[in-house]
**Student:** 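Supplied in structure tokens, the structure appears directly below.
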Amino acid sequence: MDKRKNSDTNRTKNSTSVERKSDRELVVTRTFNGPAHVVFSAWTKPELFQRWWAPKSFGVSLLSCELDARTGGKYRLVFRHPSTGEPMPFFGRYVEVIPPKRIVWTNDEGEEPGAVTTVTFEENAGETVVVLHDLYPSKEALDEGIASGSTSGYPLQFEQLDQLLVDLGANMGGRPA
């Protein structure tokens, strides 16, 4: 199995673990300093989500962000990267949303069925363990995702989410929103 760890602790004390669990599964885990309802809000409120989802060091900009984060709702994100010049839409539907514990969504932008992503939020003593689980339709699809670099942004994205949580705490007088 392919197992990688990102231990960049310059910005926060927590690290992100990215692990290939099987031929079709990729699991990303990180502990965030903050209660589950705040971390969950960062995944479901467009005004918060757009502040951390696009990995800034990749040169990707998030042009638009529409999230209807409820079971049966849909999402649509449009990115731009200087190398393509063309907007890149990503979209799908929310299969299950259980605040503040779980989100399941589809990735429908390709011609073939995409991965199904499940994110769980488990709070313990003011910290929240987030586990993101991508289930790809085939081994080849996950291999392609890893080879293209589309899965390599998670550590950077999670660092950005960590920083957003710090910023939200600072904006609330030291208390997370």
Side-chain angles (χ1 to χ4, degrees), residues 1-34 36 38-46 48-62 65 67 69 75-81 83 88-92 94-95 97 100-110 114-122 127-168:
M1 296 295 148
D2 177 26
K3 185 173 183 177
R4 295 172 282 158
K5 294 255 184 188
N6 175 350
S7 61
D8 180 6
T9 56
N10 292 333
R11 297 175 67 180
T12 63
K13 70 174 186 173
N14 301 319
S15 63
T16 301
S17 168
V18 180
E19 184 175 0
R20 186 173 186 161
K21 290 285 191 177
S22 74
D23 286 348
R24 298 176 43 213
E25 298 171 283
L26 187 74
V27 175
V28 184
T29 306
R30 184 170 180 131
T31 300
F32 293 93
N33 300 325
V38 174
V39 180
F40 184 86
S41 290
W43 288 77
T44 56
K45 292 183 176 178
L48 297 177
F49 185 85
Q50 63 190 356
R51 291 172 59 183
W52 66 272
W53 185 256
K56 293 176 183 159
S57 63
F58 282 25
V60 176
S61 349
L62 182 55
C65 173
L67 307 178
Y75 71 90
R76 180 175 173 80
L77 309 171
V78 179
F79 296 94
R80 181 178 306 259
H81 189 274
S83 68
M88 301 175 293
F90 291 85
F91 52 89
Y94 291 101
V95 175
V97 177
K101 298 186 178 295
R102 181 179 167 93
I103 307 171
V104 181
W105 70 82
T106 64
N107 296 275
D108 299 334
E109 61 278 354
V116 174
T117 302
T118 301
V119 182
T120 58
F121 306 83
E122 184 175 328
E127 295 184 333
T128 301
V129 176
V130 173
V131 178
L132 181 149
H133 177 264
D134 279 336
L135 178 61
Y136 284 79
S138 67
K139 175 187 180 303
E140 292 75 21
L142 177 53
D143 290 344
E144 184 179 311
I146 291 171
S148 73
S150 67
T151 60
S152 63
Y154 286 127
L156 297 170
Q157 290 170 284
F158 282 18
E159 282 181 32
Q160 291 174 177
L161 174 55
D162 223 350
Q163 186 58 53
L164 172 64
L165 297 172
V166 169
D167 293 347
L168 291 174

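Keep in mind that this is a model prediction, so the values were computed, not measured.
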**Student:** Of all heavy-atom pairs between Ser152 and Phe58, which one has the smallest distance, and what is that distance?
**Tutor:** OG-CZ, 3.7 Å
**Student:** For Thr128 and Phe121, indicate whether the former's side chain and the latter's backbone hold a donor-acceptor pair under 3.5 Å.
**Tutor:** no
**Student:** Search all heavy atoms of Ala42 against all heavy atoms of Leu161 and return the closest pair with its distance.
**Tutor:** CB-CD1, 3.5 Å
**Student:** Angle between ring planes, Phe49 versus Trp52, binned at 30° and 60°: parallel, tilted or perpendicular?
**Tutor:** perpendicular
**Student:** Name all residues meeting the ring-ring contact (aromatic ring centres under 6.0 Å, His included) criterion together with Phe90; count only those two or more places apart in sequence or in a different chain, and write none if there are none.
**Tutor:** Phe79
**Student:** Taking all non-hydrogen atoms of both residues into account, name the closest pair between Pro55 and Leu156 and its distance.
**Tutor:** CB-CB, 4.0 Å
**Student:** Before giving the answer on side chain to side chain contact (heavy atoms under 4.5 Å, CB included), spell out for Arg80 and Met88 the whole-Å C-alpha distance, their side-chain angles and the decisive distance to 0.1 Å.
**Tutor:** CA-CA 6 Å; Arg80 181 178 306 259; Met88 301 175 293; 5.7 Å; no
**Student:** Any donor-acceptor pair under 3.5 Å linking the side chain of Gln157 with the backbone of Trp53?
**Tutor:** yes
**Student:** Tell me every residue that passes side-chain hydrogen bond (donor to acceptor under 3.5 Å, both in side chains) with Arg76, counting only those two or more places apart in sequence or in another chain.
**Tutor:** none
**Student:** Can you tell me how far the CD atom of Gln163 sits from the CG atom of Leu168, to the nearest 0.5 Å?
**Tutor:** 10.0 Å
**Student:** Answer yes or no: is there a side-chain heavy-atom contact under 4.5 Å between Pro100 and Val39?
**Tutor:** no
**Student:** Can you find a heavy atom in the side chain of Leu26 that is under 4.5 Å from one in the side chain of Leu142?
**Tutor:** yes
**Student:** Could you tell me which residues satisfy side-chain hydrogen bond (donor to acceptor under 3.5 Å, both in side chains) with Ser83, sequence neighbours excluded, listed by chain and number?
**Tutor:** His81
**Student:** Going by heavy atoms in the side chains, are Thr29 and Glu19 under 4.5 Å from each other?
**Tutor:** no
**Student:** For Thr117, check side-chain hydrogen bond (donor to acceptor under 3.5 Å, both in side chains) against everything at least two apart and list the hits.
**Tutor:** Asn107, Asp134
**Student:** If the condition is ring-ring contact (aromatic ring centres under 6.0 Å, His included), which residues does Tyr94 pass it with, not counting sequence neighbours?
**Tutor:** Tyr75
**Student:** Please report the C-alpha distance between Arg20 and Glu25 in whole Å, then the side-chain angles of each, then the deciding distance to 0.1 Å, and finally whether the side chain to side chain contact (heavy atoms under 4.5 Å, CB included) criterion is met.
**Tutor:** CA-CA 6 Å; Arg20 186 173 186 161; Glu25 298 171 283; over 6 Å; no
**Student:** Is the backbone of Asp108 close enough, under 3.5 Å, to the side chain of Thr106 for a donor and an acceptor to pair up by distance?
**Tutor:** no
**Student:** Hey, does Arg102 have a side-chain heavy atom less than 4.5 Å from the side chain of Thr118?
**Tutor:** yes
**Student:** Between Val28 and Val131, is there a side-chain heavy-atom distance shorter than 4.5 Å?
**Tutor:** no
**Student:** If you count heavy atoms of other groups shown closer than 6.0 angstrom to CD of Glu122, is the number above 12?
**Tutor:** no
**Student:** Run the side chain to side chain contact (heavy atoms under 4.5 Å, CB included) check on Arg24 and Leu135 step by step: do they pass?
**Tutor:** CA-CA 6 Å; Arg24 298 176 43 213; Leu135 178 61; 3.7 Å; yes
**Student:** Pick one: which of Asp23, Ile146, Thr151, Asp143 meets side chain to side chain contact (heavy atoms under 4.5 Å, CB included) with Tyr136?
**Tutor:** Thr151
**Student:** So Trp43 and Trp105, would you call those rings parallel, tilted or perpendicular, with 30° and 60° as cut-offs?
**Tutor:** tilted
**Student:** Thr44 and Leu67: side chain to side chain contact (heavy atoms under 4.5 Å, CB included), yes or no, with the steps?
**Tutor:** CA-CA 7 Å; Thr44 56; Leu67 307 178; 5.8 Å; no
**Student:** Any non-hydrogen side-chain atom of Val104 less than 4.5 Å from a side-chain atom of Val116?
**Tutor:** yes
**Student:** Tell me, please, which residues at least two apart from Phe32 pass ring-ring contact (aromatic ring centres under 6.0 Å, His included).
**Tutor:** Phe158
**Student:** Are the side chains of Leu62 and Val78 in contact, using a 4.5 Å heavy-atom criterion?
**Tutor:** no
**Student:** Does some side-chain heavy atom of Arg30 sit less than 4.5 Å from a side-chain heavy atom of Asp162?
**Tutor:** yes
